[in-house]
Amino acid sequence: MKTTAGACLAIFLLGSCVFDQPFEPEARLSIDPAIAGLWRQDMKDPERESNRLLVLPHSDREWLVQYPVAEADKTMFFRAYPIELAGGRYVQIQLIGTGDGPVKPADRKYHLLKMNAVGDTLEIMTLNAENLGKAANDTQTLGEAFARVKDEPELFGGALRFNRQQ
């Protein structure tokens with residue numbers, strides 16, 4: 001089985017930070033149904049099947065996310081749910097499995113994203129967490145550190161854009 005860190009770097013969350021603890025441990029907010037669907041990354045090569053993202057509603061508070069859709073040996077599965085943090089709305093995702101099966105509980109790392117669906121476009125930005133500091137290693141400290149730097153212009157990386165396929 002591939003290592004979690006290697007798979008994350010190779011597949012989906014290039015440049016984003018992995019957290020051992022969540023910003024919010026429970027899914028409390030309702031999901032945006034506009035985010036559900038099959039999406040293809042907006043790239044110069046529209047035939048690249050590996051750049052498809054599937055977002056399915058799992059409940060009224062959680063999504064199941066698969067990326068990439070076409071390559072079973074590289075695919076990853078995430079639990080995703082909206083959270084409110086420092087007055088803003090974000091999406092927290094947690095790795096739950098790969099094309100090889102479930103990951104060990106210790107490898108179920110978290111990421112923080114900005115996700116926004118407008119019409120047939122989904123925009124995703126990942127947290128550049130270097131500004132949070134190494135001391136931010138539990139839920140409370142992560143939230144406090146995020147609140148201190150939430151207005152930093154480069155807190156989130158460049159947007160990945162996806163176009164709705166279904």
Side-chain angles (χ1 to χ4, degrees), residues 1-36 39 41 53-68 74-118 122-162:
M1 182 188 267
K2 297 173 189 158
T3 65
T4 301
C8 286
L9 290 174
I11 297 174
F12 184 36
L13 299 165
L14 293 173
S16 74
C17 189
V18 178
F19 298 98
D20 290 328
Q21 301 297 318
F23 282 89
E24 174 64 50
E26 298 295 324
R28 300 171 195 257
L29 303 175
S30 295
I31 61 172
D32 178 355
I35 291 176
W39 304 88
Q41 191 170 359
L53 169 77
L54 180 62
V55 182
L56 299 174
H58 176 65
S59 71
D60 64 340
R61 295 182 182 176
E62 294 182 325
W63 296 283
L64 173 66
V65 178
Q66 179 188 6
Y67 185 84
K74 294 181 182 177
T75 198
M76 298 176 74
F77 297 92
F78 298 89
R79 168 186 179 225
Y81 53 95
I83 65 170
E84 188 172 310
L85 186 62
R89 193 165 168 123
Y90 304 93
V91 173
Q92 180 170 272
I93 65 171
Q94 180 185 26
L95 178 66
I96 58 173
T98 69
D100 294 328
V103 296
K104 297 176 187 171
D107 292 335
R108 292 183 168 209
K109 306 298 183 181
Y110 298 87
H111 300 268
L112 187 67
L113 311 173
K114 280 187 179 182
M115 286 179 84
N116 189 33
V118 177
L122 176 66
E123 185 176 88
I124 299 174
M125 293 182 285
T126 58
L127 178 65
N128 293 329
E130 297 83 29
N131 294 338
L132 297 185
K134 295 185 188 270
N137 57 9
D138 63 57
T139 295
Q140 181 176 341
T141 308
L142 281 169
E144 292 167 354
F146 185 87
R148 283 193 301 274
V149 298
K150 70 178 183 167
D151 295 323
E152 299 264 337
E154 295 184 13
L155 185 58
F156 286 84
L160 297 176
R161 287 182 182 79
F162 293 82

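Position 1 is the first residue of the sequence; numbering continues from there.
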- [ ] Could you go through the side chain to side chain contact (heavy atoms under 4.5 Å, CB included) check for His111 and Val18 one step at a time?
- [x] CA-CA 6 Å; His111 300 268; Val18 178; 3.3 Å; yes
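- With hydrogens and angles ignored, the 3.5 Å screen pairs no side-chain donor or acceptor of Thr139 with any backbone N or O of Glu24.
- In this structure, Arg161 CZ and Asn116 CG are separated by 10.5 Å, a value rounded to the nearest 0.5 Å.
- At least one side-chain heavy atom of Asp20 sits less than 4.5 Å from a side-chain heavy atom of Lys109.
- Rounding to the nearest 0.5 angstrom, the gap separating the CD atom in Gln66 from the CD1 atom in Ile96 is 10.5 Å.
- Separating the CG atom in Leu122 from the CD1 atom in Ile35 is a distance of 6.0 Å, to the nearest 0.5 Å.
- Between the side chain of Thr75 and the main chain of Pro68, a donor-acceptor pair closer than 3.5 Å is present.
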TODO: Quick one: do Arg108 and Gln94 satisfy side chain to side chain donor-acceptor pair (under 3.5 Å)? Show the steps, please.
DONE: CA-CA 6 Å; Arg108 292 183 168 209; Gln94 180 185 26; 5.5 Å; no
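- Distance CG/Leu29 to CG/Asp60: 10.5 Å, rounded to 0.5 Å.
- The minimum heavy-atom distance between Pro57 and Ala36, with the atom names listed, is CD-CB, 3.8 Å.
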Donor-acceptor pairs under 3.5 angstrom involving side-chain atoms of residues 145-153: please list them, not counting sequence neighbours.
residue	atom	partner	partner atom	Å
Lys150	NZ	Ala86	O	3.2

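- Ring geometry for Phe156 versus Tyr90: interplanar angle under 30°, hence parallel rather than tilted (30 to 60°).
- For Trp39 against Ala34, the heavy-atom pair with the smallest separation is CZ2-O, 3.6 Å.
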TODO: Apply side chain to side chain donor-acceptor pair (under 3.5 Å) to Tyr110 and Gln21, showing your working.
DONE: CA-CA 7 Å; Tyr110 298 87; Gln21 301 297 318; over 6 Å; no
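- When all heavy atoms of Leu142 and Pro22 are compared, the closest pair comes out as CD1-O, 3.9 Å.
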Task: Trace of the side chain to side chain contact (heavy atoms under 4.5 Å, CB included) decision for Leu53 with Leu160 - done: CA-CA 11 Å; Leu53 169 77; Leu160 297 176; over 6 Å; no
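- Atom CD1 of Ile31 sits about 10.5 Å away from atom CE of Met115, to the nearest 0.5 Å.
- In this structure, CD1 in Ile83 is found 11.5 Å from CD1 in Ile93, a value given to the nearest 0.5 Å.
- The closest side-chain heavy-atom distance from Thr98 to Val103 is below 4.5 Å.
- Nearest heavy atoms, Val65 versus Ala80: CG2-CB, 3.9 Å.
- Taking both residues in full, the closest heavy atoms of Pro82 and Trp63 are given as CD-CZ3, 3.7 Å, listed atom of the first, atom of the second, then distance.
- Across all non-hydrogen atoms, the minimal contact from Ala27 to Glu62 is CB-CG, 3.7 Å.
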Task: Trace of the side chain to side chain contact (heavy atoms under 4.5 Å, CB included) decision for Tyr81 with Arg61 - done: CA-CA 6 Å; Tyr81 53 95; Arg61 295 182 182 176; 5.7 Å; no
